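This report refers to the structure that appears directly beneath it.
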Amino acid sequence: PGLLEPTSCLIRVSKTAPTLGIAIEGGANTRQPLPRIVTIQRGGSAHNCGKLKVGHVILEVNGTGLRGKEHREAARIIAEAFKLKEKDYIDFLVTEFN
Amino acid sequence: REKRLTLPPSEITLL
């Protein structure tokens, strides 16, 4: 469904560092209903990728939609995608608009 | 719109 978002963009982040290195805020039942990136830490995989930006709103993680997911659940989905050994990357579908 | 304004802020998680 996220593919229908007109302004969305798929970003593949390779696991090039021991951490992903993003901070997110938001989730269902908060003022920010989808997780938004608020920090990108230097030296993390996201920073090394160079394409994820502060302000990006995350619509999907490896094809799993985050709409309707509360903050902790969304954070868990992202953390598990990073831990998953079978994949050396995470695909984020993001949009710059809320 | 009104309802949206009353929603709480989110916590922040570092990943």
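All values below were derived from every heavy atom in this structure, side-chain atoms included, with hydrogens, water molecules and symmetry-related copies excluded. Chain identifiers are assigned alphabetically (A, B, ...) following the order of the sequence lines, protein sequences preceding nucleic acid strands; residue numbering begins at 1 within each chain. Remember, predicted model here, so these are calculated numbers, not experimental data.
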Item to check | Pairs flagged by salt bridge (charged side-chain N to carboxylate O under 4.0 Å, His left out) wherever residues 15-24 of chain A is involved - sequence neighbours left out | outcome: none

Item to check | Engaged part of Gln41(A) at the chain B interface, taking heavy atoms whose separation is under 4.5 Å | outcome: side chain

Checklist entry - Hey, quick one: are Leu14(B) and Ile12(B) part of the same hydrophobic cluster, counting side-chain heavy atoms closer than 4.5 Å, chains of contacts allowed? => result no

Next on the checklist: Looking at chain B, which one of Thr19(A), Asn29(A), Thr39(A) has the largest number of heavy-atom pairs inside 4.5 Å, strictly under?
Outcome noted: Asn29(A)

Next on the checklist: Could you work out, with side-chain contact (heavy atoms from CB on, under 4.5 Å) as the rule, every residue matching Ala79(A), not counting sequence neighbours?
Outcome noted: Leu15(B)

Checklist entry - Taking all non-hydrogen atoms of both residues, which atom of Gly26(A) and which atom of Ser10(B) are closest, and how far apart? => result N-OG, 2.6 Å

Next on the checklist: Taking Phe82(A) as the starting point, is it possible to reach Leu84(A) by hopping between hydrophobic residues whose side chains are less than 4.5 Å apart?
Outcome noted: no

Item to check | Thr13(B): which of Glu25(A), Arg76(A), His71(A), Arg72(A) passes side chain to side chain contact (heavy atoms under 4.5 Å, CB included) | outcome: His71(A)

